[in-house]
Amino acid sequence: MNPERLLSSLNAAQQSAVTSAAPQTLVLAGAGSGKTRVLVHRIAWCLDTGLAAPGGILAVTFTNKAAAEMRGRIEALLARPVGGMWVGTFHSIAHRLLRAHWREAKLPEHFQIMDSDDQQRVVRRAIRALNLDEDAWPPKEAQWTINGWKDEGKRPDHIDIQGDATLKTLVDIYREYETAAARAGLVDFAELLLRAYELLRDTPGLLRHYQERFRHLLVDEFQDTNAIQYAWLRLLTGEQGDLFAVGDDDQSIYSWRGAQVENMQRFRKDYPRHALVRLEQNYRSTGNILNAANALIARNSSRLGKSLWTDGKSGELLKLYAAYNDLEEARFCVDRIKSWHHGGGRYDECAILYRVSAQSRVMEDALRQADVPYRVHGGFKFYERAEIKDALAYLRLAANRADDGAFERIVNVPTRGVGQRSLEDVRQAARRENVSLWEAAHRLCATKELGARAVNALKAFLELIARLAHDIVDQPLDAIIDTAVAHSGLVDHYKKEKGDRGLDRIENLEELVTAARDFTPDPDAPEIPLLSAFLSHAALEAGEGQAAADEDSVQLMTLHSAKGLEFPQIYLVGMEEGLFPHQRSSDDISRIEEERRLCYVGMTRAMQQLTLSYAESRRLHGSDYYPQPSRFLREIPREFIEEVRLGGRMATGAVPPRLEEDSGVGLKLGQRVLHKTFGEGVVLHFEGRGAQARVQVNFPGAGTKWLVAAYAGLEAV
Ligand code: ATP
Ligand code: MG
């Protein structure tokens with residue numbers, strides 16, 4: 001294709017971005033305005049004009065799926081295969097660098113990636129090793145803190161504890177955890193990024209090499225980069241590199257994982273010669289959907305400010321449905337999807353989006369009952385299932401004997417008589433002698449410290465792994481998995497499990513062999529050994545389990561994983577206070593704003609029809625709730641919404657009473673107020689009007705309170 005034709009399918013602003021001659025370019029634009037399209041065209045244009053060779057391009061996307069799509073789209077535009085580009089997520093790119101330069105990164109050659117569960121286990125061991133009480137130091141929270149530090153680029157030595165005893169203990173845990181992870185050759189997700197950053201920072205020759213190689217860096221969803229990712233990009237861009245970033249501050253939804261929307265302003269300061277391009281035309285959604293979404297997001301403060309319009313049709317109104325309960329909500333969605341299908345629509349044009357992954361189960365049941373095929377993305381993860389992790393742990397240990405996470409996981413699964421007592425002895429020996437659990441077990445077997453039965457059991461395990469390692473040499477990948485499953489005894493183990501669960505697990509193990517057979521490693525990273533590539537894929541991808549990928553099926557996913565995607569039909573379910581906005585966020589105005597951005601992301605996925613629903617009662621995590629409709633429903637102007645009423649059912653007024661921006665008592669959302677007992681606080685929420693108006697205020701000193709506005713005596717400050 002010639003460059004002219006490449007540009008002809010773009011509007012003028014998009015063209016100026018694609019052909020930008022500035023050393024750095026930031027595209028700041030709202031949902032559906034063609035940011036991703038511009039990024040793809042930019043790559044194709046650079047290749048087509050000879051500005052870049054494929055090997056000079058490094059493109060960062062948000063999911064592995066998006067990376068595969070991007071590669072496909074570039075090749076389609078150029079009508080030829082393109083080898084040699086690096087396209088991937090920050091994590092997969094970091095992983096690739098660390099594999100290639102494990103020595104410089106001070107990692108063992110066969111380091112393994114641990115997922116969040118594995119990491120938590122290692123953190124827990126670190127806490128125990130320090131003789132701390134797990135109740136006082138919950139492993140999950142320590143893990144969260146450690147990852148937060150890593151996301152900011154901090155090692156234990158960098159943390160200023162300022163005499164704070166709590167902080168000091170957390171840093172001790174961090175240090176102990178690092179030692180254990182290093183000993184076991186294990187790398188967690190946050191470590192991948194930090195290590196890759198340090199690798200470039202501390203190895204000038206390598207940095208120069210990659211700076212010269214990757215002259216063109218491109219980043220999609222830039223608003224969700226964290227501090228370490230930004231620092232890494234900045235290093236790699238150096239003085240010469242061309243950095244092309246596209247993003248939308250209104251779609252920043254990962255601040256809870258360290259993402260810093262400030263990186264957009266930082267970019268503008270750090271690269272004074274950059275070009276800023278704004279795109280304002282939305283090509284995705286109908287007028288009603290776009291205007292409703294625009295009105296919602298307009299309620300957030302501190303936005304960079306953008307306008308977004310469409311010249312498409314206004315289309316249908318948004319549909320709002322109030323269900324009796326979650327089951328009925330699910331049936332309602334499935335019925336509508338079925339009639340869409342009967343009318344000639346495809347299932348995969350429909351997506352159901354929800355706030356928390358546990359909501360998928362009820363939807364899945366309803367879809368299964370109605371015989372509608374579906375796929376769950378991101379939530380229920382094939383590679384996170386216990387049986388899959390068990391089987392893979394055998395291979396991890398065979399590949400890397402120092403992998404303590406894998407050792408712990410399978411030393412007694414299936415049961416082989418290694419009791420908790422002997423395992424504790426092994427752990428202690430490992431700590432004492434500063435060796436891996438594997439090595440410690442070996443040494444213990446040679447002493448008289450353990451009883452004869454324990455020694456026999458441990459020895460059997462060690463021999464099993466050694467035999468496995470021997471038997472898989474030079475085998476194809478699926479045979480390797482098959483051998484591991486056979487040696488492990490897992491199939492017999494699960495056969496003993498009651499009901500369908502065991503059979504299910506055995507089927508999953510069979511599915512794993514199939515997955516291995518179908519596995520195609522990244523064609524541009526042939527240097528990574530196949531088994532390592534597969535194990536890393538399992539840890540990184542951790543997902544996309546279900547049915548055949550090419551089968552026409554309804555798409556289910558959390559709002560977070562819907563980012564960047566689009567569907568003709570969107571169902572946004574569970575629009576309830578406590579669920580969405582999530583309970584965790586309801587007493588903090590900045591977190592409410594993040595939830596609102598999440599709602600904006602969800603709404604703007606819709607091309608033709610957007611259906612919103614809530615339930616009057618819901619069973620979740622084993623308890624019953626009777627939630628209020630989400631405030632976001634009231635924040636969407638009524639003129640865009642149509643209530644759906646079914647048959648004889650009297651809706652109880654699907655549109656909840658409208659939230660008044662101004663409650664009639666002169667207070668606004670987000671306003672700072674003073675209360676004579678509780679002190680200063682921020683207005684979070686209103687209900688009702690006039691004498692009935694109640695107002696929710698977050699007082700940093702006293703927590704969140706609902707007050708009757710007429711009596712509270714709140715003063716604006
Ligand atoms: P998001 O913020 O959700 O990631 P985005 O800004 O990346 O959205 P794209 O996904 O690139 O937007 O584009 C949205 C839709 O609009 C896509 O279907 C895309 O093909 C289409 N589109 C974008 N620009 C044009 C154009 N100039 N002409 C026709 N269609 C376009
Ligand atoms: Mg996009």
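Note that ligands are numbered from 1 as they come in the structure, with each ligand's atoms numbered from 1 the same way. Everything numeric in this text was worked out from a predicted model, so none of it was measured. Reckoned from all heavy atoms, side chains included, excluding hydrogens, waters and symmetry mates. Along the sequence shown, residues are numbered consecutively beginning with 1.
At a heavy-atom cutoff of 4.0 Å, ligand 1 is contacted by no atom of Gln281, backbone or side chain. For Lys563, no heavy-atom contact with ligand 1 is shorter than 4.0 Å.
In terms of N/O distances under 3.5 Å, ligand 1 is not approached by Ala31.
Given atom 10 (O) of ligand 1, the protein heavy atom at minimum distance is Arg284 NH2, 3.1 Å. Protein heavy atom closest to atom 11 (O) of ligand 1, with residue, atom name and distance, is Arg37 N, 2.8 Å.
Residue Met607 places every heavy atom at 4.0 Å or more from ligand 1. Remark: distances from the non-hydrogen atoms of Ala29 to ligand 1 are all 4.0 Å or more. Using a 4.0 angstrom heavy-atom cutoff, Asn11 counts as in contact with ligand 1.
Each of the atoms 5 (P), 6 (O), 9 (P), 11 (O), 12 (O), 13 (O), 23 (C) of ligand 1 lies under 4.0 Å from some heavy atom of Gly34.
His582 and Trp256 have their aromatic ring centers separated by at least 6.0 angstrom.
When Arg605, Glu566, Arg73 are checked for heavy-atom proximity to atom 14 (C) of ligand 1, Glu566 turns out nearest.
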>> Applying salt bridge (charged side-chain N to carboxylate O under 4.0 Å, His left out) to Arg597 and Glu594, what does each step give before you reach the verdict?
In response: CA-CA 5 Å; Arg597 288 194 293 271; Glu594 177 140 323; 3.1 Å; yes
